[in-house]
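Nothing fancy with the numbering, it's 1 onward along the sequence.
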Amino acid sequence: MDKNREVLKHCPHFYTIINFEYYSDDMVSEKLIDVYTKFIFSVDITDATNIKKVEKLDDVLFKYINDYCFRDQIQRDIMTIKVRRGDNILETIVSAIINFFETYEKMSTRRVQMTRWI
């Protein structure tokens with residue numbers, strides 16, 4: 001039980017993420033939340049790189065919940081993930097999600113979105 005509390009210290013958005021209400025036909029959001037919970041509770045928190053990865057994943061999924069454009073982009077990109085035989089599935093998916101986020105951040109800073117004032 002103490003390990004779970006220690007993990008939750010590094011995930012300030014945990015309850016917001018797991019309580020996110022998605023549409024019933026939105027399988028991607030359901031699977032992402034499932035991957036999130038499985039990953040953060042299965043990782044070794046004594047390693048600093050794992051802690052950084054958990055914190056980054058927490059931030060990415062919080063952005064996924066709050067930013068519609070990012071959610072749309074992730075739902076398109078998530079279908080392109082390839083897992084090789086012998087690789088850790090959770091590690092591969094989490095790394096890909098974090099890479100999608102970093103790519104999105106780079107592209108969104110370069111792209112200016114025009115809004116229309118009414």
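Between the SG atom in Cys11 and the CD1 atom in Ile18 there is a gap of 10.5 Å [rounded to 0.5 Å]. To the nearest 0.5 Å, atoms NZ (Lys56) and OG1 (Thr49) are separated by 15.0 Å. Taken to the nearest 0.5 Å, the CZ atom of Arg71 stands 12.5 Å off from the OH atom of Tyr22. Between Lys31 atom NZ and Ser29 atom OG the span is 12.0 Å, to the nearest 0.5 Å. Atoms CD1 and CG, from Ile97 and Leu57 in turn, are 6.5 Å apart once rounded to the nearest 0.5 Å.
The local environment of CD1 in Ile89 is sparse, with at most 12 non-hydrogen atoms from other residues, nucleotides or ligands closer than 6.0 Å.
For Tyr64 and Phe100, the gap between ring centers reaches or exceeds 6.0 Å.
Here the side chains of Ile74 and Leu32 are in contact, with some heavy-atom distance below 4.5 Å. In this structure, the side chains of His10 and Ile40 stay at 4.5 Å or more apart for every pair of heavy atoms.
Under a 3.5 Å cut-off, the side chain of Lys3 and the backbone N or O of Phe41 do form a donor-acceptor pair. Proximity of a side-chain donor or acceptor of Asp58 to a complementary backbone N or O of Val54 within less than 3.5 Å is not detected. In this structure a side-chain-to-backbone donor-acceptor pair under 3.5 Å is missing from Asp87 to Val83.
Minimum interatomic distance between Ile51 and Ile45 (heavy atoms only, all atoms of both residues): CD1-O, 3.0 Å. Residues Ile17 and Ile65 approach most closely at CA-CD1, 3.4 Å, considering heavy atoms.
Using cut-offs of 30° and 60° on the angle between ring planes, the pair Phe70 and Tyr104 is tilted.
A salt bridge (Lys or Arg N to Asp or Glu O under 4.0 Å) check over residues 9-29, counting only residues at least two apart or in different chains, returns the pairs Glu6-Lys9.
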Legend entry - Verdict with reasoning, Lys53 to Val43, per side-chain contact (heavy atoms from CB on, under 4.5 Å): CA-CA 9 Å; Lys53 196 174 255 190; Val43 74; over 6 Å; no
Legend entry - side-chain contact (heavy atoms from CB on, under 4.5 Å) between Phe101 and Asp59, worked out: CA-CA 10 Å; Phe101 174 71; Asp59 291 337; 5.8 Å; no
Inset, instruction - Go through the steps for Tyr36 and Val94 under the test side-chain contact (heavy atoms from CB on, under 4.5 Å), then give the verdict. - result: CA-CA 8 Å; Tyr36 169 76; Val94 167; over 6 Å; no
Inset, instruction - Check the pair Glu105, Lys63 against side-chain contact (heavy atoms from CB on, under 4.5 Å), reporting the backbone distance first and the verdict last. - result: CA-CA 11 Å; Glu105 286 291 310; Lys63 173 90 171 169; 3.6 Å; yes
Legend entry - Verdict with reasoning, Thr92 to Lys82, per side chain to side chain donor-acceptor pair (under 3.5 Å): CA-CA 8 Å; Thr92 305; Lys82 304 245 189 280; over 6 Å; no
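Residues Phe62 and Tyr68 do not share a hydrophobic cluster, clusters being chains of Ile/Leu/Val/Met/Phe/Trp/Tyr side chains in contact below 4.5 Å. The hydrophobic clustering, which links ILVMFWY residues whose side-chain heavy atoms are closer than 4.5 Å, places Met79 and Tyr23 apart. Leu61 and Met27 end up in different hydrophobic clusters when Ile, Leu, Val, Met, Phe, Trp and Tyr side chains are linked at under 4.5 Å.
Under the 4.0 Å criterion applied to side-chain N and carboxylate O atoms, Asp72 and Arg76 are assigned as salt-bridge partners.
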